[in-house]
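Worksheet: one structure, shown below.
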Amino acid sequence: MNTLQKYLPLGIAILAATMLVGKFFGSTSVKVNGLDLYAFGQLPVQHGGRLQPIDSVARNSLMVISGKQEYVEVLSDKTEVTHKATEWLLDVWAQAEKADKYRIFRIEHPQILNELRLDRRPGSYRYSWDEVSPSEKYIVSKADQASRKEKEQRTLYDVKILELAQHYKLYRDLKYRVIPGMLPIEDPNGKWTAFSDIIEASANKLLPDASDVAAQQVATELAKDPKGFILGLAQKFGLNLAEFERMPDAEKQELFLRIRSAEIRQRAMLLVRDKMYDTLPETYPAAAQMERIFAAYRGADATSFDAAVQKYSELVSAGVPASKQSGVRAEARMNAFDPFLQCAALYIGVAVLAALSWLVWEKPLNRAALLLGCITLVVHTAALATRMYIGNRPPVTNLYSSAIFIGWGGLALCLTVEGIYRVGVGSFVAGLIGFITMLIARFLSESGDTLEMLQAVLDTNLWLATHVTIVTLGYVATFVAGLIAIVYIVRGMFTQSLRGEMGKKIGGMMYGVLCFATLLSFTGTVLGGIWADQSWGRFWGWDPKENGAVLIVIWNSLILHARWGGLIKARGLAVLAVLGNMVTAWSWFGTNQLGIGLHAYGFDNRLAQGCMLFWISQGLIAMLGMVPLQFWASFGPATPVKGKAA
Amino acid sequence: MSAPHDYVGDSPPKLAPPGPNPVYQALRVVASLRVTVVLFALAMILVFFGTLAQQHASIETVMKDYFRSWLTWIDFRLISDFCKVFVDPEIKGDLAGGMPFPGGYLIGWAMFLNLLAAHIVRFKLTWKRSGIIMLHAGVIVLLAGEFLTGQFAVESRMSIREGESARYVFYLHEHELVVIDPTNAAHDTVISVPGHLITGAKEGEWISHPDLPFGIQRGTYFVNARSRQLKPGETPLADVGINARRGIEARDKSKGTDSDGRIDYPAVSLTFQTKDGKPLGTYLFLTASETRMQKVNVDKIDYEVTFRFKRSYRPYSVHLIEATHDVYAGTNTPKDYASTVMIYDDERGESGPVRIWMNHPHYYREETYYQSGLNTDEDGVKTTILQVVENPAWQAPYLACILVAAGMAFHFLLKLQTFLRRGGAR
């Protein structure tokens, strides 16, 4: 072994670790025109029933509305400017005239585009608030019609218009600051005060006085120049002056009283608004401070922006428990660092190194893969633990977190296997399963907040921690066995590397992991039944999700009994384990598609089709595995390999 | 570990010499692991199609047809539906035909016999095999528990308004036509016509019974329907009663794949006539408004009639003191439902207050009360819905879980120990 080979694993590990550390500390510096947007982004707000940083609200909202976590502005000279989500939200709040021109609403349905009188924009199909908002009434009424229909009756148009209305409302609520809850002043239900609540409260308080002042003003002006004032008002409220002049006196008088009180109301509201901003520092100091942040942002004044953010943070944090604040900060940090993206890159590295080790430099590359795998485990575990800390939940609470957890579990299990066998198969499978699950998680995060609150029936940490975690680990082990089986089939079919010891080792791995999978999936499934019995008195309800879980249990038991009965050996085990991937994918994703799939038009069938492609691929691999053994490179008649000593 | 063998465990058990005993021969065939594998495969197919079938039918129907039956019918239409979801929703047409398939009871009992035979043929009580015996004993308990649940468990609901009491439970899948004779001042005389007599009758067929003050002719039956306003020019189904000027909106039957736990509210139009053949008109009854009694006048007696979810009265009443419905701050996502109740029992006196909430049921007189749902009406008064379950086999899964998990873990650890003692993989 030469020096290069000796130090290669360590070198790769150090390189990866350095890059990660650099990324981690560099990710918090998000500056636009010298303004510290990261500091603004980590301010706490209440949204979706939980405390979260402004940055999360911005990212998830922009994701829901436009399908991306950033906004790319195309300037008139075709140059592109990328705005981070936080910057976008600041624009919405501080310089609406600019943000309202950002093209973020995704509208593709031709009929909707026609009805909104918008041109088609192939490639992006995105439209701005200024373009969409003139049709607000139209969108709301069409969406209302669609929402009255039963789900099965909705057409693609209905689904799309409902989606648009929902996105429109989200933007409007953000724009007028109905959401998020800004100030830690709670109503009896624990809801934080939003800026729109402050306006309402101020109006209620200030309106009586302001109305008096406005009435006084109107009376004075009327006394000064009665005719001119009345004509002025009539003009302002769009009356036909000639017609107004011709009216009988009584009618004229009545109409005049109506427009006069309308005028008083308008003036009073203006007074309230001015007055409100004047009194804001006393009544809601933090809200006034937020206005200062916006003003500094508009003026691109870095010093006062940073100082205002700092001051605001102090004002708000007085009302928030320290533990919750650190959760919010951790979430902002996680958003910036994006650990699962880093993990995805690391997983590719692990898989590539492991696969290369079967071709050249077996030992050093193997060690490098294992070391890199351990570094990945550190990052993935830390990220998973941070998510658990932020949400105060066991690891799996929704489909997104199940993908994250399956990646993690796969890595941990594979590294254990690799620790025992040291043949690179564990590392390779870890890289594969990790990368795929990170990809799936990224896809699932498109639907919004991945730390969303749970529906009441799921809100039990005990069962989430036991049933859900164990059943998900059952998925993990079944997938790992299935992927090892793929390695077995592909290597056995196309290389001679499974002759002798290696074939036995991989076979042993598959068998061991399958036993583990059976244990976990059975225990997890039965625990689920016990949870159901505790919740509604029915241990087993035969619903699609339960059935999906029991299919995994039966399939794993079938494989093991077939093996014990001598019906299959290592190759048969591999084929059946690959089919096990299909069963697990059915349970994980397939069953969820049934409820929405059959009758609903326009449902997002990318997941369903993804399942189908996966099943087909697994079916093909299983068929490959059924080719008679004499045609396998590893098991047929041996052919000497050129240039390699036996 | 690669040599083929036909036993569970480490070493081949010493079999009795194959003699002429035909019972033993037969037992060996039944005990074969090949049979086990075939049964597992059949179970997978059954469960898979039993899941697909829930796209059309409710869980209860599928459970009865597929899992709690001896023989079932697999419709090939399910396969084309599967393709519509996972390949292309635009696929037109359905596959015709189907095939008979063993039902859950048949497969379950076959598994039981296979398991029993296997343990008789190869029985050997050793330390090494104790894990395997334990886990299979657990499987038997699990199968038996599910069988007993299917046979004997009864699920019902109780609905109570805040500040009021309920003395009865109702069944979601059984209905009854009730005729109340109010002539006796001391107590009402209640005549109940089971719903299956009505659904079992053909449209236009007459049902009569000596206890009934009038004859009943079945009209149109809806599995799930609500009342609505009449459309212009529409002829109503009923010509008398409270629904004589109302239309009816037929809804889809609820399905197992629905995620919102919808309930079917059936409706039926019925024509009555006196025993001597005098017509009394056609009424429309909706279970969705079962509390609104309709009057039928026969021989100067105003009978009160309604079609409702079948009830069963209890010798005690449950009084709802308070129902709470918490949401996550600033959202409409429910966080928790809870009901605080008192129980007033004619024989056992009062007990409570008891708080029933998510995952925290209350056991009373062989029955268990679970928080199931909560509705708030326009006046802000809450109505709690409790699921009431009587299941003599409820302990079975708990015992089974312990046996199987312990057995598996024991066996697994034993194997791991041997594996590691042999020096692992190296």
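Treat the numbers as computed from the prediction; the structure is a model and nothing was measured. The sequence lines fix the lettering, A, B, ..., with proteins before strands; numbering per chain opens at 1.
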If you measure from CG on B/L46 to CG on A/N547, what distance do you get to the nearest 0.5 Å? 9.0 Å
With only heavy atoms counted, which part of B/T36 is less than 4.5 Å from chain A, the side chain, the backbone, both or neither? side chain
For chain B, find which of A/A570, A/G529, A/C515, A/S557 contributes the most heavy-atom pairs closer than 4.5 angstrom. A/S557
B/E60, B/R251, B/M63: which one forms the most heavy-atom pairs within less than 4.5 Å of chain A? B/M63
Residue among B/T368, B/V404, B/N391 with most heavy-atom pairs under 4.5 Å to chain A: B/V404
Of all of B/Q387, B/M44, B/E146, which one pairs up most often with chain A through heavy atoms under 4.5 Å apart? B/M44
Any B/V389 side-chain heavy atom under 4.5 Å of A/R538 side chain: no
Proximity breakdown for B/L39 and chain A, heavy-atom pairs closer than 4.5 Å: neither
Tell me the closest heavy-atom pair linking A/L519 and B/A409, and the distance in Å. CD1-N, 4.0 Å
Let me confirm one number: the CG-CD1 distance from B/L416 to A/I420, rounded to the nearest 0.5 Å. 7.0 Å
If we define contacts as heavy-atom pairs under 4.5 Å, which of B/Y66, B/W357, B/W394, B/F86 has the most with chain A? B/F86
Between the CZ atom in B/F412 and the OG1 atom in A/T518, the distance rounded to the nearest 0.5 Å is 9.0 Å
Rounded at 0.5 Å granularity, tell me how far CG in B/N114 sits from NE2 in A/H561. 8.5 Å
Does any part of the side chain of A/V550, heavy atoms only, come nearer than 4.5 Å to the side chain of B/V47, both counted from C-beta? yes
The interface call for A/V583 against chain B, heavy-atom contacts under 4.5 Å, is side chain
Sort B/A41 into side chain, backbone, both or neither according to what part of it lies under 4.5 angstrom from a heavy atom of chain A. both
Would you say A/D533 and B/Y398 make side-chain contact, with heavy atoms under 4.5 Å? yes
Examine A/W586 together with B/F48 and report whether their ring centres are nearer than 6.0 Å. yes
With a 4.5 Å limit on heavy-atom distance, are the side chains of B/L33 and A/W564 in contact? yes
Are the side chain of A/Q609 and the backbone of B/V87 linked by a donor-acceptor contact shorter than 3.5 Å? yes
Partner chain B: residue of A/G537, A/G541, A/G590, A/G49 with the largest heavy-atom pair count (under 4.5 Å): A/G537
Looking at side-chain heavy atoms only, is the closest gap between B/F67 and A/W540 below 4.5 Å? no
Is the closest side-chain heavy-atom distance between A/N556 and B/F40 below 4.5 Å? no
Reported OG1-to-CD distance for the pair B/T51 and A/E546, which is rounded to 0.5 angstrom: 10.0 Å
So, the part of B/Q371 with a heavy atom under 4.5 Å from chain A: the answer is backbone
Nearest heavy-atom pair of B/Q54 and A/W542: which atoms, and what distance? NE2-O, 2.6 Å
Report yes if some heavy atom in the side chain of A/I530 is under 4.5 Å from a heavy atom in the side chain of B/C401; otherwise report no. yes
Quick one: does A/F539's side chain get under 4.5 Å of B/T149's, heavy atoms only? no
When rounded to the nearest 0.5 angstrom, what distance separates CE in B/M111 from CD1 in A/I554? 6.0 Å
